[in-house]
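Inspection log for the structure reproduced underneath, given as C-alpha cells.
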Amino acid sequence: MKVTLWGTRGSLATPGPETVRYGGNTSCVEVCGADGTVLVLDAGTGIRRLGARLGPEVGRVDVLLTHLHMDHIQGLGFFRPLDQSGQEVHIWGPPSTTLDLRARVSRYLSPPLFPVRLRELPSRLTLHDVPLAPEEIRIGGLRISAALVCHPGPTVGYRISEDGATMTYIPDHEPLLGAVRLSSSDWISGFDLAAHADLLIHDSQYSATQYPKHVGWGHSAIPHVLEFAARTGVKRLVTFHHDPRHDDAALDRLVNEARSSADLPFEILPGIEGACFEVGHATRNQGQTTLT
Ligand SMILES: [Zn+2]
Ligand SMILES: [Zn+2]
C-alpha cells in the first residue's frame, strides 16, 4: 500500500513562511491499496487537496476518523467527493455511548457552524460507528482494526494491513499518562495496534521540556514516542501532529535530536506534508518520496 501525508499539523492549521516545509494543514493521511482502494485517515484541513485529486475512477472512498476534535474533522465540508452526485462515501468514527456518529458529526456540519447539512449532500453517504478490535473491517484488499487509545474523549487508532504488510496510525495519543516509563505490554495504550508495524505514524507533539506543562492533554513528547516505537517493535516511525509552535527549524532540530539520542532499532522519518511511503513486501525499506 501507498501512504501519503496530506496534513501533519496538530491542534490548529498553521500556515506561514515558517512552516512551509513541514506544512500547516491538520491531520489527513491517504492510504491506497494495491487494488486501488482509497482510505482517508482523518479529515483535517489537508483533506481538501486530497479530495481535489480524487477522480471519478475512485468508486468508493472511506474516511476513517480517529476522533471528533476539530483538527481532525474541519476539512470534511470541503472534501469534494461528498459534494459529487452519486459518489459513494463512508465515514467511520469511534463509537460513543451517547450519540451515533451521524449525530455527532452533524453538530459541526450544520448551521450555525457550517451552512450545509449532512443530509443535503448529493453523495451517497453512510456513517458507521467503527467496530473495535478484535473485530476487523475489510475494505477492498485492506484489513482494518481499530482500538481505543489514551486521549480525551472517545478516540481510536487504526491498524491497516495488506498482504502481510502493516501501517499504524495513532495521531493523538498519550501512552505515558500517569507513568514515568511504559509498563508491561498488556497495559500500554495502543500496543496491539502498533505491534511490529512496518510503518507507525504517531503523535509527536511536544519536546521533552514542553511535556510537563501538558500532562493529561492527550499528546506525547518525542522521547515517549521513541520508547513506544521501540517497545512495539516497529520498523519505521513517522513523527506527526506537530505542535503549532514548532516551525520548520524547530521540527528539524527535534528529529535530529531524536535520531542521535540513542541507538534506535527503527528508522525515524519526519512527518512532512506531501511525503509518500510505500509499505509492502516488494517495496519495504524504500525511502520516502514527495508529492509535487
Ligand atoms: Zn489532534
Ligand atoms: Zn485530539
Side-chain angles (χ1 to χ4, degrees), residues 3 5-15 19 22-31 39-50 63-79 91-99 101 104-105 107-109 113 129-130 132 146-158 168-178 189-190 193-194 200-207 210-211 213-222 224-225 228 237-247 250-251 254 270-273:
V3 177
L5 309 182
W6 291 91
T8 64
R9 190 64 54 177
S11 308
L12 184 71
T14 313
T19 57
Y22 279 78
N25 281 304
T26 61
S27 302
C28 182
V29 173
E30 177 188 13
V31 178
L39 305 183
V40 180
L41 307 179
D42 279 330
T45 61
I47 202 173
R48 190 197 65 80
R49 284 183 69 222
L50 165 57
V63 179
L64 278 59
L65 303 174
T66 56
H67 62 311
L68 304 188
H69 287 164
M70 278 300 282
D71 52 324
H72 298 258
I73 63 167
Q74 198 170 8
L76 261 186
F78 303 89
F79 186 47
I91 300 178
W92 305 78
S96 153
T97 51
T98 52
L99 292 170
L101 187 64
R104 284 175 286 146
V105 169
R107 284 181 170 172
Y108 163 46
L109 283 174
L113 296 182
D129 284 8
V130 73
L132 300 177
L148 293 168
V149 296
C150 186
H151 188 69
T155 303
V156 295
Y158 289 103
T168 298
Y169 176 69
I170 318 180
D172 294 49
H173 191 206
E174 188 177 5
L176 260 91
L177 179 62
S189 167
L193 288 171
L200 168 65
I201 299 175
H202 195 280
D203 186 331
S204 307
Q205 179 120 1
Y206 302 125
S207 67
Q210 286 172 320
Y211 180 74
K213 283 192 174 162
H214 300 89
V215 173
W217 288 37
H219 299 291
S220 292
I222 289 183
H224 305 164
V225 187
F228 180 81
L237 166 69
V238 178
T239 62
F240 198 78
H241 208 274
H242 308 307
D243 193 280
R245 292 167 292 183
H246 292 161
D247 60 14
L251 288 169
L254 288 168
I272 292 176
E273 191 173 310

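Whatever order the structure lists them in is the order used to number ligands and atoms, beginning at 1. Here the structure is a predicted model, which means the values were calculated and not measured.
Inspection of the Gln210 and Asp243 side chains reveals no N or O donor paired with an N or O acceptor under 3.5 Å. In this structure, a donor-acceptor pair under 3.5 Å is present between the side chains of Asp42 and Thr66.
Taking the six-membered ring for Trp and thresholds of 30 and 60 degrees, Tyr206 and His214 have nearly parallel ring planes, at less than 30 degrees apart. Classification of the His69-His67 ring pair by plane angle, with boundaries at 30° and 60°, yields perpendicular.
Counting only protein N, O or S atoms closer than 2.8 Å to the Zn ion (ligand 1) gives 4.
At distances below 3.5 Å, at least one donor-acceptor pair connects side-chain atoms of Glu174 with backbone N or O atoms of Gly216.
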- [ ] Apply the test side-chain hydrogen bond (donor to acceptor under 3.5 Å, both in side chains) to residues His241 and Asp203: give CA-CA distance (whole Å), side-chain angles for both, the deciding distance (0.1 Å), then the verdict.
- [x] CA-CA 5 Å; His241 208 274; Asp203 186 331; 4.7 Å; no
